[in-house]
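Reminder, nothing fancy here: chain letters follow the sequence lines and each chain counts from 1.
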Protein chains: 2
Amino acid sequence: MMDRFLSNAINKVDKKGRVSIPASFRPVLGDQGRLYTLAAIDQPAIEAGGPQLVERGEQQLAQMDPFSTEYELYSFVLHGDSDHLNVDGEGRIILTDNIREHTGIDDKVAFVGRGYFFQMWEPERFKAYREEAREKVAEMRRNRQAMTGGKFSADKEQGGG
Amino acid sequence: MMDRFLSNAINKVDKKGRVSIPASFRPVLGDQGRLYTLAAIDQPAIEAGGPQLVERGEQQLAQMDPFSTEYELYSFVLHGDSDHLNVDGEGRIILTDNIREHTGIDDKVAFVGRGYFFQMWEPERFKAYREEAREKVAEMRRNRQAMTGGKFSADKEQGGG
DNA sequence: TGGGCAAATTTGGGCGTCAATGGAATCTTC
DNA sequence: GAAGATTCCATTGACGCCCAAATTTGCCCA
């Protein structure tokens, strides 16, 4: 079984503010009935996952200079903007006001797999950011090719894999 | 048994959105009943293969600075634009909306072997790109000969078409 | 070399199960 | 008791799994 969050999906929010977590994400969370969330720093998105989400943030904190401004701010955001939501019997969560404010989410949520966590975006913003990300990654690749060689020549396959 | 994806084939999409993976590709996938896919960056194509497909990208990620913008963008594209599809008893997958959007695929899929992975294209776009690729390869070869003065050694073409 | 049979592949559907969604009923909290 | 939350149940459509038909490919033998 796959042990990370992949792919993306857009689900609806009902009158009571509930959304289904995509079924493919549920086993990765471990069916613990609880979802940890954290406001993304540079993006209007919420990061979510199992307990590892917060633990990982704390590991990153541990690598920072505890007397730096970055440490103070990151610690503040990490703990202050995080939350844990209950997952109901149908795999749904209830969006909080904090989540709505930070993301602009109204009646639809884009769930985006990010490996060891996933994100929740307002769908239009997600699409815009994705487009931007694709272009920049394409540019990154072009720059690397300019250094290493041509497009087609570099495409030799290798056996194993 | 052959351990790479070679050759190409065009298969039909049925009413339920299913396509057969070419039988010659199946043993390379390892009959795991699951196919990993990833939107190609520079092309309207989907890349597909076993779990190594995503793992390869993650190895590249692991070499990058986790706090850099490049890391964030690449991680976003790698995980958010990838997917894993179930393969049914007859070796078919169900195309997702994301795949249709990215490729323009409607009722036919061109499967193109690329060595350790394969691609799925809308057939007309595939043919156009193949033609373009052939021309560029020919031009590159001419340029290289002009530089080295030497004759290009045995560069066999893939039977293709 | 060509015909024809056998096997494998591709394609088409039926149907039960699960996921996504909507809503009612029960609880909790203040 | 009111507002919000949790649990339970119903509906609809998508997906998984099974089986069958139609093609295509491979192979054997004349």
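When the side-chain nitrogen and oxygen atoms of B:K16 are compared with OP1 and OP2 of C:dG12, none of them lie within a distance under 4.0 Å. For B:K15, a side-chain nitrogen or oxygen approaches OP1 or OP2 of C:dG13 to under 4.0 Å. One finds no side-chain N or O of B:R26 lying less than 4.0 angstrom from the OP1 or OP2 phosphate oxygen of C:dA8.
Regarding B:H84, its NE2 atom lies at a distance of 14 Å from the P atom of D:dC15, rounded to whole Å. C:dT10 atom P lies 17 Å from atom CG of B:D107, rounded to whole Å. Here the P atom of nucleotide D:dC17 and the CG atom of B:D14 are 16 Å apart, to the nearest Å. Rounded to an integer number of Å, the gap from B:I10 CD1 to D:dT23 P is 18 Å. Atom CG of A:L85 is separated from atom P of D:dG4 by 17 Å (rounded to the nearest Å). Atom CG in B:N86 sits roughly 14 Å away from atom C1' in C:dT17 (whole-Å rounding). Rounding to whole angstrom units, CD1 of residue A:I21 and C1' of C:dC18 are separated by 17 Å. Atoms CD (A:E90) and P (C:dG23) sit 15 Å apart, rounded to a whole Å.
Look at A:K127 and A:E131 and you find no salt bridge, because none of the NZ, NE, NH1 or NH2 atoms lies under 4.0 Å from a carboxylate O. Between B:D81 and A:R134, at least one side-chain nitrogen of the basic residue sits less than 4.0 Å from a carboxylate oxygen of the acidic one, meeting the salt-bridge criterion. The pair B:E58-A:R4 meets the salt-bridge criterion, with a side-chain N (NZ, NE, NH1 or NH2) lying under 4.0 Å from an Asp/Glu carboxylate O.
Side-chain N/O atoms of A:K12 and base N/O atoms of C:dG22 include no donor-acceptor pair closer than 3.5 Å. The base of D:dG16 has none of its N or O atoms less than 3.5 Å from a complementary donor or acceptor on the side chain of B:R92. For B:R18 and D:dG16, a side-chain-to-base donor-acceptor distance below 3.5 Å is absent, hydrogens and geometry of angles not being considered.
Of the candidate nucleotides C:dG23, C:dT11, C:dT21, C:dT21 has the atom nearest to the side chain of A:S20.
At a cut-off of 3.5 Å, with distance as the only test, a side-chain donor of B:Y129 or B:Q43 sits close to an acceptor on the other residue. Residues A:E47 and A:Y36 have side chains that never bring a donor and an acceptor to within less than 3.5 angstrom of each other.
Residue A:N11 is in sugar-phosphate contact alone, with no base atom involved, counting any heavy-atom pair closer than 4.0 Å across all strands shown.
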